[in-house]
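Numbers restart at 1 for each chain; the letters A, B, ... are given by sequence-line order, proteins then strands. The figures here come from the full heavy-atom set of this structure, side chains too, leaving out hydrogens, waters and symmetry mates.
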Protein chains: 2
Amino acid sequence: MADFKLTRFLPFRLNRLAAEISEELSTLYADRFHIDIPQWRVLATLSAGNGWTAKAIVASTRTHKSTISRAVEALEQRGLIEAVQSSEDKREYRLGLTGSGRRLFRELEPLVLDYQKGLMDKLGETKARRLEQAIAALETALDLAGEETG
Amino acid sequence: MADFKLTRFLPFRLNRLAAEISEELSTLYADRFHIDIPQWRVLATLSAGNGWTAKAIVASTRTHKSTISRAVEALEQRGLIEAVQSSEDKREYRLGLTGSGRRLFRELEPLVLDYQKGLMDKLGETKARRLEQAIAALETALDLAGEETG
DNA sequence: ATATAATAGTTGCAACTGAAACCGTTTCTT
DNA sequence: AAGAAACGGTTTCAGTTGCAACTATTATAT
């Protein structure tokens, strides 16, 4: 009999953990702000500064372009972001938070940061640092790192 | 302007990492064995021994019961697992790998273990151990640990 | 210059998933 | 013992997602 144990298998554990954290986190904004995960990603990305294209958000977040397209559409409908067609390249749109989008994000941000802090507190400083280092190493190994372009 | 950076945010990074690893891993068995992730979880769980109920697999893998139900159905159709109604409790079914299910898993197992080993090699022994410890700590904190019952 | 290819973003479609209602069986309450 | 509640597992339904085909625009090749 093979002694394989799924619950000891790292990819599985990582996946289960990420799902749980994602789930907990999204409850922070789902009901209260009526945004879902892709929308959160768009808002959070734009919070770092305006002028992003959908393509850049796709690259940065590694989310499928159709998913980002729909999130952008929804946020635009609600007036939380604004899209202006680029004059240099009419295929693309420069995205940016509107006033109300920025206000919403300012309300959201501390909740989300508190959640992360709570998690890290549970880990303790040393383990939290080591976790971050391991993640960074895997990101590099898997070519997930530093796709930010601003 | 807020200095929040999604790509530095741990829940996001964990999620992106888990998605990438899951994706890479599932290419190992998707085309070749025509099984998907829930089906892989059922097979892998049963590889540790027969007699599991769907409920136990749900608890162990933290996968939704309707998802497990469908995976079990599909695997049974293909003759990879067998379900026998429990005599003590006719609501439940004792699940087990069939001969061909066991053969398939024996073929699959080394691929999957090699993949994990490749990942850990990229991390190095020390970081791999620390990652495991951090994950274990988070599992405990989030109540994800040790739901195995056999 | 013109045809071809590549690119940014959108959309139709099929597959997948979770919530909730459901069925049959078992357990609890009285 | 009878009715209610709980439970294991299934199914329906609605929502979400990714793929692939599409439109419009820009870049490349000849």
Side-chain angles (χ1 to χ4, degrees), chain A residues 15-16 18-20 22-27 29-31 34-42 45-46 51-77 81-96 147 149, chain B residues 15-16 18-20 22-27 29-31 34-42 45-46 51-77 81-96 147 149:
Chain A
N15 207 58
R16 185 178 58 174
E20 179 68 19
S22 243
E23 166 67 23
E24 285 191 12
L25 188 59
S26 75
T27 63
Y29 48 77
D31 286 346
H34 300 286
I35 62 178
D36 60 21
I37 292 176
Q39 289 168 23
W40 148 253
R41 289 182 178 181
V42 170
T45 304
L46 294 181
W52 290 72
T53 63
K55 178 193 168 76
I57 300 177
V58 164
S60 171
T61 64
R62 293 241 164 180
T63 308
H64 196 276
K65 64 179 184 166
S66 60
T67 302
I68 293 298
S69 172
R70 289 185 267 246
V72 164
E73 157 82 9
L75 293 170
E76 212 187 340
Q77 292 284 333
I81 69 174
E82 206 171 35
V84 305
Q85 193 172 37
S86 164
S87 47
E88 311 111 52
D89 186 337
K90 286 179 199 152
R91 289 171 303 183
E92 66 186 19
Y93 296 81
R94 298 285 162 181
L95 304 173
E147 315 273 359
T149 317
Chain B
N15 207 58
R16 184 178 59 173
E20 179 67 19
S22 243
E23 165 68 24
E24 285 192 12
L25 188 60
S26 76
T27 61
Y29 49 76
D31 286 347
H34 301 285
I35 63 179
D36 60 22
I37 291 176
Q39 290 168 24
W40 149 252
R41 289 181 177 181
V42 170
T45 303
L46 294 182
W52 290 74
T53 62
K55 178 194 168 77
I57 299 176
V58 163
S60 170
T61 64
R62 293 243 163 176
T63 309
H64 196 278
K65 64 178 184 166
S66 59
T67 302
I68 294 298
S69 172
R70 288 185 269 247
V72 164
E73 156 83 8
L75 293 171
E76 213 187 337
Q77 292 283 333
I81 69 174
E82 206 170 35
V84 306
Q85 194 173 34
S86 163
S87 46
E88 310 109 53
D89 187 336
K90 285 178 197 151
R91 287 172 304 183
E92 66 186 20
Y93 296 81
R94 297 287 161 178
L95 304 173
E147 314 272 0
T149 316

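- Taking atom CG of residue Leu75(B) and atom C1' of nucleotide dT10(D), one finds them 16 Å apart after rounding to whole Å.
- Here the C1' atom of nucleotide dT16(D) and the CD1 atom of Ile35(A) are 16 Å apart, to the nearest Å.
- Residues passing the ring-ring contact (aromatic ring centres under 6.0 Å, His included) test with Tyr29(A), sequence neighbours excluded: Trp40(A).
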Pairwise N/O distances under 3.5 Å, protein to nucleotides 12-17 of chain C:
{"from": "dG12(C)", "atom 1": "O6", "to": "Arg70(A)", "atom 2": "NH1", "distance (Å)": "3.4"}

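- Rounded to an integer number of Å, the gap from CH2 of Trp52(A) to C1' of dG9(C) is 17 Å.
- By the 4.5 Å heavy-atom criterion applied to side chains, Thr53(A) and Ser86(A) are not counted as neighbours.
- Here Ile68(A) contributes atom CD1 and Leu95(A) contributes atom CG; the two are 10.0 Å apart, rounded to the nearest 0.5 Å.
- At least one side-chain heavy atom of Leu46(B) sits less than 4.5 Å from a side-chain heavy atom of Ile57(B).
- Rounded to whole Å, the distance from CD on Glu73(A) to C1' on dT11(C) is 11 Å.
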Seminar exercise, completed: 5' to 3', nucleotides 3-9 of chain D under a 4.0 Å protein heavy-atom cut-off (B base, S sugar-phosphate only, - none) gives ---BBSB

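- Between the P atom of dT27(C) and the NZ atom of Lys90(B) lies a distance of 12 Å, rounded to the nearest Å.
- Residue order along DNA chain D, read from the 5' end via each residue's closest nucleotide, puts Thr63(A) first among Thr63(A) and Glu88(A).
- With sequence neighbours left out, the salt bridge (Lys or Arg N to Asp or Glu O under 4.0 Å) criterion links Asp36(B) to no other residue.
- Partners of Arg70(B) according to the salt bridge (Lys or Arg N to Asp or Glu O under 4.0 Å) rule, which considers only residues two or more places apart in sequence or in another chain, do not exist here.
- For Glu82(A), the side chain to side chain contact (heavy atoms under 4.5 Å, CB included) partners two or more places apart in sequence, or in a different chain, are Thr98(A).
- Taking each heavy atom of Arg94(A) and Gly51(A) in turn, the nearest pair found is NH1-O, 2.8 Å.
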